[in-house]
Amino acid sequence: MSPAKAGSGMDLTNGGGGLDNVLCFRCTEGFEVSEQIVNSGGEVWHQECFVCAQCFRPFPDGIFFEFEGRKYCEHDFHVLYAPCCGRCGEFIVGRVIKAMNASWHPECFRCEICNTELSDVGFLRNAGRALCRECNAKEKAAGLGKYVCHKCHAIIEEGHIKFRGDSYHPYHFNCKTCGTELNSDAREVRGELYCLRCHDKMGIPICGACRRPIEERVVTALGKNWHVEHFVCAKCEKPFLGSRHYEKKGLAYCEIHFHQLFGNVCFKCGEVCSGEVFQALQKSWCVKCFACSLCDRKMDQKTKFYEFDMKPTCKRCYEKFPNELKRRITESLKTRDKQHTRESTSPVR
């Protein structure tokens, strides 16, 4: 509803019977000679009677809003009748958008994902949200585990292609070289799309991990080509980025995991054994780390040692053991040796 403004004050200076016929629209009382009156839409009022029907105060600048025959100041009219915007919370004067069980300024009613104004393009309700058609299609496709075509905005039921970072139906494009309509085997090279046949003729290497063309730096290993970031350790999946790798049974490993799985990692320090390796008690040791587990005395291949708690013990520490403990250690080793002998000589079934 648009505001109205009352006419300027009038001076009733007409004497005689004409004054007797003029009555205030509100109080129905007459007017005094030379009294200022208010004229609004052909109705006349005492100045003190021409007030807001809610707060009974004069209208600021004479501006009022009329509803069902009653006049209100702007503030009270908004409080009583104007809806509040569901987004900004301000009163709405003029065009009102009724949607999602609320009222909105046209510029405030927007897609909750991309922020596009929806007042003139329409919207779709999705999980209690107002969305534009494109965002609604993407949300629906995501719930189905599918893609939305960036061109026609329809769900791609099967076979999509990626072009400049977005998903498309393949049939929207043709091969740059031969003009054939593309399918999901299409390849993007330097911002252009090619069918698989034309692409293979270009001699561009394909990554062994993602099966996409490699347009920049190429890593060649394990009989395949790789994007630098896709050539990774088979155990920790960290890229080698030019560092040394180790190959085993068609897979590549970083140094640490290769030695952990197939090589020698020191039982004491946990590092890869570099140089000479000391093998003892079915474990590997750095030469500098092989020492008595009790007194930490360094030992080598010529040093006599004993096994205690699956760790090496020098002769000096072993001799300090009680006789009963030494007897139990000896019996335990004999029992284990006999068990290993039986397992090694058992027939294969």
Whether Ser103 side chain and Cys84 backbone form a donor-acceptor pair below 3.5 Å: no
Aromatic ring proximity His172/Phe163, centre distance under 6.0 Å: no
Cut-off 3.5 Å, no hydrogens considered: what does the side-chain donor-acceptor table look like for residues 217-228, sequence neighbours left out?
{"from": "Thr220", "atom 1": "OG1", "to": "Asn225", "atom 2": "OD1", "distance (Å)": "3.0"}
{"from": "Trp226", "atom 1": "NE1", "to": "Ala221", "atom 2": "O", "distance (Å)": "2.9"}
{"from": "His227", "atom 1": "ND1", "to": "His230", "atom 2": "ND1", "distance (Å)": "3.4"}
{"from": "His227", "atom 1": "NE2", "to": "Pro213", "atom 2": "O", "distance (Å)": "3.1"}

Side-chain donor-acceptor contact under 3.5 Å, Arg129 with Asn126: yes
Geometric class of the Phe123/Phe109 ring pair [parallel <30°, tilted 30-60°, perpendicular >60°]: perpendicular
Parallel, tilted or perpendicular, as decided by the 30° and 60° cut-offs, for the rings of Trp45 and Phe50: perpendicular
Under 3.5 Å donor-acceptor, Arg211 side chain and Ala209 backbone: no
Distance flag, aromatic centroids of Phe308 and Phe321, threshold under 6.0 Å: yes
Ion pair Asp166/Lys138, N-O distance below 4.0 Å: no
Carboxylate-amine/guanidinium proximity below 4.0 Å for Arg327 and Glu324: yes
Side-chain donor or acceptor of His105 paired with backbone N/O of Phe91 under 3.5 Å: yes
CZ (Arg212) with more than 12 external heavy atoms under 6.0 Å: yes
Under 3.5 Å: donor-acceptor pair, side chain of His46, backbone of Gly30: yes
Heavy-atom donor-acceptor pair, Asp309 side chain to Lys311 backbone, under 3.5 Å: no
Crowding at OH, Tyr147 (>12 non-hydrogen neighbours, <6.0 Å): no
Transitive ILVMFWY side-chain link Ile161 to Tyr171, under 4.5 Å: no
Residues, nucleotides or ligands: over 12 heavy atoms within 6.0 Å of His75 NE2: no
Asp296/Lys268 ion pair, N-O < 4.0 Å: yes
Same apolar cluster (I L V M F W Y, side chains within < 4.5 Å links), Leu241/Ile256: no
Parallel, tilted or perpendicular: rings of Phe258 and Tyr246 (30°, 60°): parallel
Ring geometry between Tyr72 and Phe77 (parallel below 30°, tilted from 30 to 60°, perpendicular above 60°): tilted
Which residues share a salt bridge (charged side-chain N to carboxylate O under 4.0 Å, His left out) with Glu157, sequence neighbours left out: Lys146
Carboxylate-amine/guanidinium contact Glu319 Lys315, below 4.0 Å: no
Parallel, tilted or perpendicular: ring planes of Phe231 versus Phe240, cut at 30 and 60 degrees: tilted
Gap separating the CG atom of Asp76 from the CZ atom of Phe64, nearest 0.5 angstrom: 14.5 Å
